[in-house]
Amino acid sequence: MSGAPSMPVAGIRPAPELHDGSAADLVLRNAKVFTGDPARPGARAVAVKDGRVLALGDDDHELAGLVGPGTRVVDALGRRVVPGLNDSHLHVIRGGLNYVLELRWDGVRSLRRALAMLREQAGRTPRGQWIRVVGGWTAEQFAERRMPTVAELNAAAPDTPVFVLHLYQSALMNRAAVRAAGYTRDTPDPAGGQIVRGRDGEPTGVLLAAPGALLLYSTLAKAPVLEEADRRTSTRHFLRELNRFGLTSALDAAGGFQNFPGNYETVTDLARSGELSLRIAYYLFPQTAGQELADLGRWTGTVRPGDGDEWLRLAGAGENLTWAAADFENFAEPRPALAEGYEAEFEQAVRLLLEHGWGFRLHATYDETIRRDLAVFEKLAAEGLFPGGGRWLFDHAETVSDASLDRIAALGGAVSVQNRMSFQGTAFLDRYGAGAASRTPPVRAMLERGLTVAAGTDATRVSSYNPWVALHWLVTGRTVGGTALYPAANLLGREEALGLYTRGGARLTGEEHVKGILREGYYADLAVLSEDYFTVPDAAVPDIESVLTVVGGRIVHAEAEYAGLEEALPPVAPEWSAVARFGGYAGGGARQAEAMAEAVAESERHRRWRAARGDAAVPGPAAPDLVDPCFAH
């Protein structure tokens, strides 16, 4: 990295006697640096060389001696700087392959605006392509507090197939999408799913997860996919979108419809050419029921955890090892009872991994599932196989009990929690009550037991990939609609929550010695924030973004005063992509202010609509939290 200083820097002059071999590549000054390092929690300046932190300074001139003619010097303008965020459960590889094909409603504040986006995109989408709204939103975020109707989708896009996924619960399709998917009155309902039909027996366009989401995902898989060149561009833009929020690392939890090695080729090629802007540790997920042991056996014989480098590396297996052992997370439906006897095959899978030194992660929503899995682990522990050489963890664990946490700790396990309750908390509350919801998941109890706990989003098909929405959930215990779920005893302080998003993820992959904090010799992964995370009001936490994101000393995202400093990207392709028109997450800066004003206006229009129909309980103006009973869960 070379060139003249990037911003006016009073009082710092390059030292001509420094040769390029001893000068820093990048110096960030005039910053409020939170290092995350208990030995040195704060600093004013950071010097970077060869992708790692060279030095930290307590004032703006302490690092002046490291500035040479080729050093890029950036003034943070007094902003807060934090270690780069690490999402410990993100479907980043699959998300990248599809990003430019999707219309994102993440952060959109009114249904009226969301439908306007859909209507405009219908005019841009060529024949044969679909419009896909896939995760990152919930009806609670809209001023109208409701989902769209199929009729509204038909009106917005009469001829272009539209598929709208809502959480793990349902999907809406317009008439064109029903035809494109080939659903008719004669199409049978698949196991665990329902194609809702009208009185005439024809599909209405509503798909229900009952309780499994396979019907939803298999329908989405009927839509066209990108060509390889566009998959590369799509992935690079998705990674830049993640960099926008200060993400510098992620653990890819694989997932359904993500085959190895085919669906990993794009990200592998980008890593080979040095074009990744996010560090990725990935897992391998058997895709076909009945073939799980064969897949795991083939992988353990050909690849090993740790294969790769600091940008892309194999971490282990999961988040499913066998399909029969996986529960569902659709809180609109009763808890599914897993099949009797799944443990025999599950034990073979775990034994195979442990004997080959592989770590693994396990999708487990309910304590009932976790207890059965732990019984298998304890049986293997009696043979000396646990904790083993590889790291292992449970994902999600919303209803895990204290007794199960004790057993996890005894076996050397960890937990990765995600803010699925930000989006599904109200549904959980309605089904299980406030008592159960008050510790779903019990993050405080996990930390009290000394467990390694890491945080993430589980984006992109349900939660948004915005990590600040997840951090808001950890510190406030509220859904995106404002519903309070947790008492103070199950909330985290802001520094504690940030640690789950930095050091926590690094521990899961055994990289805590090189990432998660800002310390000399560690990766130079950091984010300069738009607002100070430690001082803004709680309600403002989800609106934080990064104005400058650095990964390995590279400036991979820059906006506001730093616009133009980031690495160049090719234009979004195809050119009709919704991302090319609307971008990704809708929050931030002027866009956020505009969206909020529109949401308030829409809320007032809805209030007047109810008042005109004689609802005496309607409050006066300025009631953005209005919830129409007909749209309640």
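When reading the values below, keep in mind they use all heavy atoms of this one structure, side chains included, and skip hydrogens, waters and symmetry mates. Quick caveat, the model's predicted, so the values are computed rather than measured. Counting from 1, the numbers follow the sequence of the chain as shown.
A salt bridge links R313 with E511; the closest basic N to acidic carboxylate O contact falls under 4.0 Å. A salt bridge links E383 to R351: at least one charged side-chain nitrogen sits closer than 4.0 Å to a carboxylate oxygen. Note on R146 versus E144: no salt bridge recorded, every NZ/NE/NH1/NH2 to OD/OE distance being 4.0 Å or above. With salt bridges taken as basic N to acidic carboxylate O contacts below 4.0 Å, one links D406 and R449. Taking the charged nitrogens against the carboxylate oxygens, R494 and D538 do have a contact shorter than 4.0 Å, which makes a salt bridge. Salt-bridge formation is not detected for the pair E512/R507: no Lys NZ or Arg NE/NH1/NH2 atom is positioned less than 4.0 Å from an Asp or Glu carboxylate oxygen. Here R335 does not pair with D327 in a salt bridge; the nearest charged N to carboxylate O distance is not below 4.0 Å. Using a 4.0 Å cut-off between charged nitrogen and carboxylate oxygen, D532 and R79 do not count as a salt-bridge pair. Contact check on E398 versus R420 returns a salt bridge, with a Lys/Arg side-chain nitrogen under 4.0 Å from an Asp/Glu carboxylate oxygen.
The environment of E347 atom CD is dense: over 12 non-hydrogen atoms of other residues, nucleotides or ligands sit within 6.0 angstrom. No more than 12 heavy atoms of other residues, nucleotides or ligands shown are found within 6.0 angstrom of NZ on K379.
Residues meeting the side chain to side chain contact (heavy atoms under 4.5 Å, CB included) test with A484, sequence neighbours left out: R478. Residues satisfying the salt bridge (Lys or Arg N to Asp or Glu O under 4.0 Å) criterion with R94, sequence neighbours excluded, are absent altogether. Every residue two or more places apart in sequence or in another chain that forms a side chain to side chain contact (heavy atoms under 4.5 Å, CB included) with A253 is listed here: H89, H91, E319, R361.
Seen from the ring of Y486, R439 does not count as a face-on cation partner, given the 6.0 Å and 45° thresholds. A cation-pi geometry, defined here as NZ or CZ lying under 6.0 Å from the six-membered ring centre and within 45° of its normal, does not hold between R80 and F34.
The main-chain N or O of N259 is never found under 3.5 Å from a side-chain atom of Q287 such that the two would form a donor-acceptor pair. Counting only distance, with no hydrogens or angles, the side chain of T460 and the backbone of G95 share no donor-acceptor pair below 3.5 Å. D367 places a side-chain N or O within 3.5 Å of a backbone atom of S401 that can act as its donor or acceptor partner. Using modelled atom types, no side-chain atom of N419 and backbone atom of W473 make a donor-acceptor pair closer than 3.5 Å.
Just one of V350, L321, L293 meets the side-chain contact (heavy atoms from CB on, under 4.5 Å) condition when paired with E345; it is L293.
Scanning all heavy atoms of the two residues, the minimum distance from A326 to L338 falls at O-CD2, 3.3 Å. A pairwise comparison of heavy atoms in V417 and P441 identifies CG1-CG, 4.0 Å as the closest pair.
The distance between the ring centers of Y342 and W323 does not fall below 6.0 angstrom. For an aromatic pair to be called close, the ring centres must be under 6.0 Å apart, and F331 with Y168 fails this. Between F238 and Y465, the distance from one ring center to the other falls under 6.0 angstrom.
Ring-plane geometry between Y264 and Y282 is classed as tilted, the angle between the planes lying from 30 to 60 degrees on a 0 to 90 degree scale. Aromatic ring orientation, W105 versus W137: perpendicular (interplanar angle above 60°, classes split at 30° and 60°).
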**Asked** So D525 and R279, salt bridge (Lys or Arg N to Asp or Glu O under 4.0 Å) or not? Walk me through it.
**Response** CA-CA 10 Å; D525 299 351; R279 304 183 193 275; 2.8 Å; yes
**Working for side-chain contact (heavy atoms from CB on, under 4.5 Å), residues L492 and L447** = CA-CA 10 Å; L492 302 186; L447 293 172; 3.8 Å; yes
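Using a 4.5 Å heavy-atom cutoff, the side chains of T457 and Q418 are not in contact.
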